[in-house]
Every structure is written in C-alpha cells, then in structure tokens.
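Shown next, in structure tokens, is the structure this report addresses.
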Amino acid sequence: MLKVCKFGGTSMADAQAITAVSKIVLSDNDRRYIVVSAPGKRFKQDEKVTDLLYACYREAASTGDCSKIFIKIRERFKEIVSDLGLTLDIESYLNQVEDGINRSASSDYAASRGEYLSAVVFAAKLGYTFVDTEQLVKFGEDGIFLADYTNDLISAKLKKIKNAVLPGFYGSYSDGRIKTFSRGGSDVSGAIISRAVGAAVYENWTDVNGFLTADPRIVENPKMIDCLSYKELRELSYMGANVLHPESIFPVRLAGIPINIKNTFEPSNKGTFIVAESKRPLNKDRVVTGIAGKKGFTVLAIEKSMMNGEKGFCRKILSVLEHKGVSFEHMPSGIDTLSLVISDEELSGKLEGIIHDIRNVVSPDSVEVHSGMSLIATVGHNMANRAGTAATLTAALSSSGINIRMIDQGSSELNIIVGVDSSDYEKAINAVYHAFY
Ligand code: ADP
Ligand code: ASP
Ligand code: MG
C-alpha cells in the first residue's frame with residue numbers, strides 16, 4: 001500500500017510542526033515518498049518563506065544585494081535546524097542560495113529555494129535520501145508541463161530508492177533553468193509523484209481536517225466533506241477553495257489514485273477522500289457538495305439589436321480576446337446581449353484596447369463595464385435533475401438583499417455560478433451556505 005505524502009507550509013513552519021510530521025511519516029512504513037513545501041506561517045501575521053524569497057528576488061534585481069531580506073530566511077532555517085538538533089551545515093546551503101539570488105537568477109529560481117531547503121532539512125531529520133525534483137519535473141519551452149516525460153523520469157529514479165524526501169513546487173526547462181508551478185504548486189508535485197510511483201493513495205497533509213463545505217475564513221465552522229469526486233474537487237478548487245491546487249487532480253485522476261486530505265495537527269481524523277465519480281458513496285440527502293468563490297472579476301456587457309441573427313458575432317468577439325492573449329471565465333448571453341466575465345489579472349492593462357477592438361469588429365450599441373465582481377460556485381453532482389436548487393440559491397441571495405449580476409449553470413448541472421458585487425461577497429457565501437446546510 002505505497003503512500004506518497006505531501007506536507008504543506010504550516011506543517012513545515014517550525015521545528016515543532018516538523019517533529020509532528022516526522023512522527024506521522026515514521027508511524028507508517030507505507031509512507032515512503034515525502035513531498036514538502038517551504039515553511040509557511042507560524043502565526044497569522046507571520047511571513048511565508050516563499051513570499052520572502054520573491055521579495056529577495058525583487059531586491060536583488062534592483063540593488064544586486066538581497067541580504068537585508070534574506071537574513072529573515074537565514075534565521076528561520078538556522079532556528080529550525082538547531083531546534084531539531086541536526087548537525088546539517090545549513091549555512092553553506094544558505095550562502096549558496098543567497099549568492100544564486102544575488103547573481104540575478106530568475107524569480108522562479110528564487111521562489112523554488114524554500115522547497116529545496118525545506119526538503120534538505122527534512123531529509124536530514126528523517127535520515128531519508130534527498131531527491132531533487134529539478135531534473136525530474138520537466139517543462140517544455142512554452143512552459144507547458146511535460147507529464148509523460150516527467151512520469152518516466154521520476155518512476156525510473158524512485159524505483160531504486162526505498163524512502164525519499166522531495167521538494168515540491170518546481171522543476172526545470174530542457175536547458176536546466178528552474179521553473180515553478182503557480183502558487184500552491186507543491187500539491188501538483190505530490191500528485192505527479194504519486195502517479196509516477198503508482199501510489200495506492202496520495203495523502204495531502206495540511207492544517208485543516210479536510211475539505212470543508214465552504215472557506216472556514218468566511219463561514220464559521222463549515223461542515224466537513226467526507227468524500228468528493230475529482231470533478232467536484234476541480235470545480236471547487238478552481239473556484240477558490242485553495243486547500244488543494246486546482247491542477248493537482250490531473251495526474252492522480254488519470255491513474256485512479258485517491259487523494260486523502262489530512263490534518264498534520266490532528267492525524268487521527270480520517271480527513272476527506274477524493275475519488276472517481278463512480279466510487280463516490282451516493283448521499284442522496286446532500287444536494288450541494290461545497291461552495292467556493294473568488295473575488296476580482298470584471299464583466300463586459302455587450303449589447304446590439306438583432307445580435308442573435310448576426311453570424312460570427314461571438315467568433316469576432318472571441319478573436320479580439322485571443323489577439324490580446326486574454327482568456328475569459330464565462331460568457332452568459334441573452335437575445336441581444338452577451339457578457340464576458342474576465343478576471344482582473346487577465347485584463348490588467350488591456351481593458352481599453354479590448355473595448356476599442358470590440359467596437360471596431362462588431363459595432364455594438366453599447367459596451368458596459370462592471371468591475372469589482374466576485375464569482376461564487378455552488379457545486380455538487382446531486383444537483384443534476386433535481387428541481388429547485390437554483391431557486392433555493394437565488395431566494396437565499398435575494399432574502400439577504402444581494403443583487404445577482406450574473407448566473408450561469410453548466411449543462412452538466414455540476415455547478416451554478418453567480419456573480420455578485422465584491423462588497424457582498426462574504427454575505428453571499430454565508431447566505432448560500434445556510435440555505436443548503
Ligand atoms: P498548505 O500550506 O498545507 O498547502 P493551504 O494554506 O494551501 O495549506 O490550504 C489550507 C487552507 O485552505 C486552510 O487553512 C483553509 O484556510 C483554506 N481553505 C479555503 N477553502 C477551504 C475549504 N473549502 N476547505 C478547507 N480549507 C479551505
Ligand atoms: N511554497 C509555494 C507557495 O507558497 C508552493 C506551495 O506551498 O505549495 O505557493
Ligand atoms: Mg497549499
């Protein structure tokens with residue numbers, strides 16, 4: 001029953017947490033391959049090592065010397081190593097990393113060093129082999145992750161090693177330059193390694209008891225989800241439930257490996273299982289599996305009389321976005337209206353140009369911009385073929401005085417997405433939560 005375990009930032013934050021993690025690993029011989037994140041926050045106002053590393057990169061890029069910020073990272077790792085009572089010569093690793101950042105290596109290189117140092121330290125603590133993912137997790141020149149090539153490399157490497165600690169979050173391009181996944185990407189690394197070694201389960205250890213029905217920072221004491229499908233996970237994590245990176249399902253789903261989310265600080269709790277839809281227990285009483293949401297969207301509402309009869313209208317609008325290199329989230333449409341919901345991150349610096357080009361290619365009657373929007377996704381397989389789910393949702397929002405600016409339901413009926421003003425975001429999530437739980 002081979003297990004791959006990934007431990008997140010809070011699990012690696014200090015010597016006390018790392019000691020708890022090593023007890024978890026050593027209590028089960030099946031836990032053979034351990035993937036770690038960089039040290040995260042020890043308390044609410046604390047700084048994550050990864051954030052400090054990005055700051056070091058910026059400092060080095062502008063002044064050539066990151067030592068003023070790097071000292072915080074240095075002290076952090078020295079304290080961890082000393083509190084763990086290790087004889088590891090961490091100073092020489094730290095000097096090498098600081099030097100690398102100062103010699104203006106890339107921002108990805110700087111960011112990756114938190115995971116690198118974390119894995120070096122934890123391998124020393126466990127007495128396991130440190131296996132660097134730098135030359136094992138590979139990306140093409142376009143930045144696309146090379147799944148099958150990576151799978152072969154990792155599987156060949158780990159075949160010969162019984163127990164190993166590996167850094168999450170990064171790999172490299174073919175020329176050897178370091179490349180990271182997006183933030184939270186150690187979850188993806190854990191999934192990739194699980195697939196490569198044919199794990200029976202991918203244990204993802206974090207600081208909550210499992211996947212909750214809503215973000216615990218918004219809803220007080222949300223219910224736990226015992227089991228959800230890969231598809232539900234994808235919808236919820238993509239839409240903001242950041243307990244797992246949205247791309248972490250692909251490698252494990254392909255191989256049918258269940259993910260078990262568990263709490264490092266309460267290891268006896270069985271946590272949440274994420275499995276194929278067909279293996280999910282049918283819980284007919286549960287209409288909605290979970291709720292998630294994201295802030296930071298803008299809606300472009302395009303109106304034109306007789307739009308519906310105009311062939312190629314949508315294509316022309318989408319080609320504007322394509323030329324600007326912008327992807328959209330949703331495109332709800334009416335008879336003579338079409339709206340584009342786009343994240344502010346995608347739109348940044350491009351809004352004026354997009355509106356200008358849309359006016360040029362389709363001559364609309366009007367293009368209105370609504371900024372400051374949030375999207376809220378209500379997700380669950382059991383919503384399909386069940387009357388009244390959307391009514392419950394909209395009634396809950398309207399009785400809380402929240403205006404729905406957009407609503408979109410996929411034809412698979414796996415989710416209903418509503419757009420609300422960001423000032424209503426927290427209130428809306430709570431309203432939807434209390435309507436279904
Ligand atoms: P790690 O550092 O272990 O990867 P993360 O901070 O990335 O941990 O993810 C865990 C956090 O995700 C939790 O502490 C919680 O605040 C947040 N979170 C947001 N939505 C959810 C949810 N639906 N279920 C559980 N946790 C959630
Ligand atoms: N340390 C990285 C981050 O903070 C990756 C991770 O924790 O998964 O985003
Ligand atoms: Mg995470």
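Starting from 1, each residue takes its place in the sequence as its number. These values consider heavy atoms only, across backbone and side chains, with no hydrogens, waters or symmetry-generated copies. Every number for a ligand or one of its atoms is a count from 1 in the order of the listing.
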Quiz item: Do any nitrogen or oxygen atoms of Ala241 lie less than 3.5 angstrom from nitrogen or oxygen atoms of ligand 1?
Solution: no
Exercise. With sequence neighbours left out, write down each residue that passes side-chain hydrogen bond (donor to acceptor under 3.5 Å, both in side chains) with Gln135, or none if nothing qualifies.
Key: Lys138
Exercise. Look at atom 7 (O) of ligand 1 and say which protein heavy atom is nearest, naming residue and atom and giving the distance to 0.1 Å.
Key: Asn242 O, 3.5 Å
Quiz item: Which ligand 1 atoms does Arg217 reach within 4.0 Å, using its non-hydrogen atoms?
Solution: 16 (O), 17 (C), 18 (N), 19 (C)
Quiz item: So which heavy atom in the protein is nearest atom 21 (C) of ligand 1, and how far is it from that ligand atom?
Solution: Pro216 CD, 3.8 Å
Practice problem: Would you mind telling me if ligand 1 is within reach of the side chain of Val243, the backbone, both or neither, using heavy atoms under 4.0 Å? | Solution: both
Quiz item: Does Lys6 have a heavy atom less than 4.0 Å from any atom of ligand 1?
Solution: yes
Quiz item: Which heavy atom of the protein is the closest neighbour of atom 4 (O) of ligand 2, given with residue, atom name and distance?
Solution: Arg183 NH2, 2.9 Å
Practice problem: Report, in ascending order of atom number, the atoms of ligand 2 lying under 4.0 Å from any heavy atom of Phe169. | Solution: 2 (C), 5 (C)
Practice problem: If you have a sec, work out which protein heavy atom is nearest atom 23 (N) of ligand 1 and how many Å separate them, to one decimal? | Solution: Leu212 O, 3.0 Å
Quiz item: Can a non-hydrogen atom of Gly8 be found less than 4.0 Å from any atom of ligand 2?
Solution: no
Quiz item: Under 3.5 Å between some N or O of ligand 1 and some N or O of Thr206?
Solution: yes
Quiz item: Can an N or O of Glu115 be found at a distance shorter than 3.5 Å from an N or O of ligand 2?
Solution: yes
Quiz item: What part of Leu244, side chain, backbone, both or neither, has a heavy atom within less than 4.0 angstrom of ligand 1?
Solution: neither
Quiz item: Do any nitrogen or oxygen atoms of Phe211 lie less than 3.5 angstrom from nitrogen or oxygen atoms of ligand 1?
Solution: no
Quiz item: Can you tell me which residue and heavy atom of the protein come closest to atom 7 (O) of ligand 2, and the distance to 0.1 Å?
Solution: Ser37 OG, 3.2 Å
Practice problem: Identify the protein heavy atom lying closest to atom 13 (C) of ligand 1, giving its residue, its atom name and the separation to 0.1 Å. | Solution: Asp207 OD1, 3.5 Å
Quiz item: Would Tyr116 and Tyr109 satisfy ring pair (Phe, Tyr, Trp, His ring centres under 6.0 Å), going step by step from the backbone distance to the final call?
Solution: CA-CA 10 Å; Tyr116 168 76; Tyr109 166 82; 8.6 Å; no
Practice problem: State the atoms of ligand 1, each with its element, that fall below the 4.0 Å cut-off from a heavy-atom position in Gly9. | Solution: 1 (P), 2 (O), 3 (O)
Quiz item: Should the ring pair Trp205 and Phe7 be called parallel, tilted or perpendicular, given that the plane angle runs from 0 to 90° and is split at 30 and 60?
Solution: parallel
Quiz item: At the 4.0 Å heavy-atom cut-off, does Gly168 count as touching ligand 2?
Solution: no
Quiz item: Which ligand 1 atoms, with their elements, are less than 4.0 angstrom from a heavy-atom of Gly210?
Solution: 24 (N), 25 (C)
Quiz prompt | Test of proximity, Ala38 against ligand 2: N or O pairs below 3.5 Å | solution = no
Exercise. State if Ala214 counts as touching ligand 1 under the rule of any non-hydrogen atom under 4.0 Å.
Key: yes
Quiz item: Any N or O of Asp187 that comes nearer than 3.5 Å to an N or O of ligand 2?
Solution: no
Quiz item: Any idea which atoms of ligand 1 are less than 4.0 Å away from a heavy-atom of Gly8?
Solution: 1 (P), 2 (O), 3 (O), 4 (O)
Practice problem: Taking only heavy atoms of Val208 into account, list the atoms of ligand 1 that are under 4.0 Å away from them. | Solution: 13 (C), 14 (O), 25 (C), 26 (N)
Practice problem: Give a yes/no verdict on whether any heavy atom in Ser37 is under 4.0 Å from an atom of ligand 1. | Solution: no
Quiz item: Where the closest heavy atom to atom 8 (O) of ligand 2 is concerned, which of Ser118, Ser186, Gly190 has it?
Solution: Ser186
